[in-house]
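Encoded as structure tokens, the structure appears first; notes follow it.
Numbered from 1 within each chain, the chains take letters A, B, ... in sequence-line order.
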Amino acid sequence: MEKMKYDAVIMGAGLAGLMAANEIASAGYSVAVVSKVFPTRSHSSAAEGGIAAYIPGNSDPNDDPDYMSYDEIKGGDYLVDQDAAELLSSKSGEIVRTLDSWGAPFNRQPDGRIALRYFGGQTYPRTRFVGDKTGMALLHTLYERASGFNIDFYNEWYVIDLLKEKKAAGLVALKMRSLEPIYLTAKAIIIASGGLGMIYKHSTNSYINTGDGYGIALRAGVPLKDPEFVQFHPTGLYPSDILISEAARAEGGILRNNKNERFMEKYAPHKFDLAPRDIVSRSMTIEINEGRGFPGGYLGLDLTHLGRDYIIERLSLAYEAAKTFAGVDATEEMIPVRPAQHYFMGGIDVDITGASPLPGLFAAGEAACVSVHGANRLGSNSLLETLVYGRETGKNVVEFLKKEHDIPDLNPEKSLDDAYKYVKRETGEHFGSILNDLRETMWDNVGIFRDEKKLSKAVSDIKSLRKRAESLYVTDKSNNYNTEFFNALELRNMLDVAYVIAESALNRKESRGAHYRTDFPDRNDDSWLKHTISYLSNEDVRIDYKPVKMTRWKPEVRVY
Amino acid sequence: MKIDEAELGEEKPVSERPGGKPFAREIDYRVGDLFWGKIHIRNSGKMYMLVTSKIPFNWKPLVKDLKLKGKIVDSAGGFLWVQEDEKYINDDVKFLKDYLEKMKNSKKE
Amino acid sequence: MKVAYYPGCASHGIAKDIDIATQLIAKDLDLELMEVDDWNCCGGGFMDDRSEEIHTALNLRNLNNVKKMGLEKMATPCSVCLNSHRIALDKYNNDTVLREKVDERLERANIDYEGGVSAEHFIWVLIRDVGIDNIKKHVKRPLKGIKVGTYYGCQLLRPYRVMGFESPFSPHSVMDLVAATGAEPVAFQMATACCGFPLMGSNPDAGLKLANNVLSSAKNNGAEILVHPCSLCHLQLDVTQLKIKDHFNQDWTLPAIYISQLIGLSFGYTPDELGLGKLAKKYLAERGIS
Amino acid sequence: MVEEKEITVKIRKYSKANGESWQSYKVKVDRYTQMTEVLRRIKTEQDPSLSYRAACHMAVCGSCSMIINGEPRLACKTLALDIADEKNEVTLQPMGYFETERDLIPDIDEFYDRMHRVKPRLYADDEVLKGDFEPRMTPEDQKEVWKFAQCIWCGLCVSACPSVRIDENFLGPAAHAKGYRFLADSRDTIRDERINILMDSAWRCTSCYMCYEVCPRDIEPVIAIKKTKAYVNDFKKDTPVTVMAKKHDDAVSESIAETGKIKESSLYLKTFGITEAMRDMKYMFEEGKLKYAFSKDNNVKRIDEIKKIMEE
């Protein structure tokens, strides 16, 4: 097997990975980026509404970075590490201006400066945007910049495993085009491989969001932090679950039930439709469950009063998605929407330097849990996190690289053998049926409303799926874009992370942010104001805790 | 340029890039502690007024009450952008002054 | 029925035979073609390369002249003129930044643009307003046994969002008209490919190659003659045919005629009356059509 | 809740080892079912070996380009029942022009090379990069830049472009849209270099509007090419293509400004010169069309209107 040695290797070519690569390459270190897709196909491209930023001199006159941190902390239901939130807020303006100087075509005010708008959970408007395809614009800007640097891109290479001893040693990957294996060793490894939406039946995520980074980390003994916190976005388009951006409500869109009522008045009497996503999604689920939804189980997102020109200019993607995928003209009728899985607040346990408990292993973006989102992420903060913490992590890796490091000399063959057993087997079960069952049970039992019974069911379902996966086999024996093989490897990761999520959710006996237990409907700060730290060891999930870092804000009742 | 109710700053040319040809000029203005901002005048003659104020929490829902002669082009939080004309900018500033004064007084009560 | 008629520069120039044939069959079909008053060149493929504003304004001037004639539909035999007017109107309606600049130019020229006029291809008028059945009734000499390659080219069809008449991937207007004359339509792979004319003023070698690809494709599929819908295709495929033959050192030609000319033949007009070129006349004479 | 219908999906499967074969699948769909979802169902429920690319399923990542019932499209942006033919069939083939690697997966490295050739990144002033100067861009310019910056690198335009196939010096539609997006960006500092990269290639586009037609993001690459051509007088490195283009274009503009119309014969002389014109006249004569070459059309009567429209 070919072996390549770098100073740093990054798994994932979305915004977080590219930002880190950019930082490390600029410092003169050798860096490789491995991604199972060409960089611009990464899921960052699907982020729509915008990126929150306090820009001094170009923000609301009442606003300041402390309000921004406060919004994040309250939005995250106090499970936010407050030092992480403060760092995020304080770097927000600078990062947006940096992306602007690299070419991102942000929408403008008439004087040519970057424009802003309100997003859910914001006391003052801070969201900066490029139409409603902000993620796409930023990803392209960053990839295009990175393509001018000395970075080795391994596009369409699939990472199988992370090798480590006392320290992270390298990634084993396969070239998807030819199944040629490679062992990429490095002093520092960054996992920036994004989220896991495909473990849910209804998700706004890309097909590629299969939780690979979480899976390889868990198998290498690295824990996930707060994995029970999964965000459900209020406005997935019915029935295809395509994301209708929060921008639609930020620009004045109103959710209505089958009686044409603006039902959010009841649930969030101050913020209405712009309450945080967990609250809106629960409210919508209640409306639908109590019979005030439309047949099929959806509600209406009403934009009609905004006017055609405004909708087409500011919400073109929402307009287009409704038209293309649901046959609805949003300028004339309501868009059919229902909540769908959207984001994973949990992730690889890292501190504000991006470092995981395993020396040499870092993580950034949705793959990581720096704890800026706590129990619920605010809209416009995921893009911000990928960039700010992608860069912070890159900077810290540069500091890390300045010291001497030995890379453990490990043999990658076992990882390869483990993977190949699916192809070598001649009978067994295909990935498809196991995957579909997994997505079903996660949606039904680890969803918006949870309880002991459902979560126990999920755990036992997942255990039996893991059993079935022991006889997983791949019919395709070719070595040329054998995507069935990669789907099987993805499934292995999905089963690992789903297991950890379900066990952690069963364990947390309170309701906080996106984790809502009908059997424990209140937040319980006395027992549960702490981070879950979950390990997968052998066949068991082991749970530990870490305190939440508090700086200036005391927990208070969370109403909107 | 003269606006009855406002204190005006100096006129400055602005360009897109450092050392680039100016595409517009700008004049800062202030109406007491009620509101402030700048007048942005393009080389083409097009004129925009930025209204910044701490009093309204968010201009957006108020836009329909604003009887301005200029055209409101954007609003978010304490920011309001109005496309103006030399002919009526005076009237609009006067209107905003009265409007915000009223709002300020009603908040006190 | 009265329709405003925009011949375009080419069919009042080297492609004059298109104008001649179109006028002849229109008369038979009771279609009164009213030439657009004081029309100007649409600048399609030239002016839009130089200035979007000027191009748009020039096209709106024509449409406005139609409006002043009291008509709302302007038919043109040229796909490029069609595309030019429709694209200009589409941009004007949707691009607010451009609209302002165009308005300024129109104002300067004292043109009070009213709107409400659409540009259509002569073929669309034949199919939508005259009707295939009606055309069939006028056929006096069914063109039995004539194998006609049905060519669409590019700008008649694309972009669909702006043209809107038929699918750019499976069009059938030309085929339907050819079938109406009694001739045998021959489909071929390059039927919706570009004839290469727009490259003749910058990269003629490539332009000729594209033309030859179209002709070869039709020929290989069994076409003996080609019909096309565009004055500029005419310059490229008919007028330049012999040059193509020499350029590629080929021993065959494929006469190319305009759709009105084929219809005219079936209405009983002679090749001379329709202004056909020598290659077409020779082929038709062999088939007993003169 | 939503009515379902069974369709037949015919897929061209291909592998280096086994070559080409066509396979049919029956799939139940409703009016909302996207072709990416159809593929996902086939792969998870019927034929796990089927290989294709797909990611975002909302037309922003550009992965799932293919030919669907003869049309170059994104599978995600195609609803099964909208595209199915009268026999309720949908055929899927890999994107054209590029070599197929496996089933519906083409090798588009060649496309990426095109994109990288146009220096697809902003080169800002140092002061801006250091954060010492806040750059400005009017909302009007932002609109223009953003329109053409929305290319998702899907490759469909290149796969369908006729000029790409016959002219290796043509950069292709997507790269031109990308190049123009930076040319139009007021924050960029390498304008002249961009013009040098783009200009000769721009005049190799045949304006057939195929890229405009197939672009799933409606960025209209051909329009970007036309807008690039408008910078031709700023191009100082003449090439045979641009020299001829300039002559031709000047002649057209002159003709329109003077007469309101194009007078082909004089245009011809100005563009190609007397030798070429004589040669072509011979061909015209042989085809019996020379008589029309000198037909005289009226000039525009209200020529002042044209002049005013064209005035700078």
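Judged by distance alone, the side chains of A:S147 and D:R121 do bring a donor and an acceptor atom under 3.5 Å apart. Residues A:S478 and D:R102 bring a donor and an acceptor atom of their side chains to less than 3.5 Å of each other. No donor-acceptor contact under 3.5 angstrom links the side chains of D:K130 and A:S101, judged on distance only.
With contacts defined as side-chain heavy-atom distances shorter than 4.5 Å, the pair D:M137/A:F106 does not qualify. Two residues are said to be in side-chain contact when any heavy atoms from C-beta on lie closer than 4.5 Å; A:H140 and D:K178 meet this criterion. Side-chain atoms of A:T324 and D:K77, non-hydrogen and from C-beta on, do get closer than 4.5 Å to each other. Under the 4.5 Å side-chain criterion, counting only non-hydrogen atoms from C-beta, A:T40 is not in contact with D:I152.
Because its NZ or CZ atom is not both nearer than 6.0 Å to the ring centre of A:Y207 and within 45° of the ring axis, D:R53 does not count as a cation-pi partner of that residue.
For A:V130, the parts lying near chain D are the backbone and the side chain together; criterion is any non-hydrogen pair under 4.5 Å.
The pair D:D109-A:R177 meets the salt-bridge criterion, with a side-chain N (NZ, NE, NH1 or NH2) lying under 4.0 Å from an Asp/Glu carboxylate O.
Ring geometry for A:F38 versus D:H116: interplanar angle of 30 to 60°, hence tilted.
If you tally non-hydrogen atom pairs under 4.5 Å between each of D:R181, D:E140, D:R41 and chain A, the highest count goes to D:R181.
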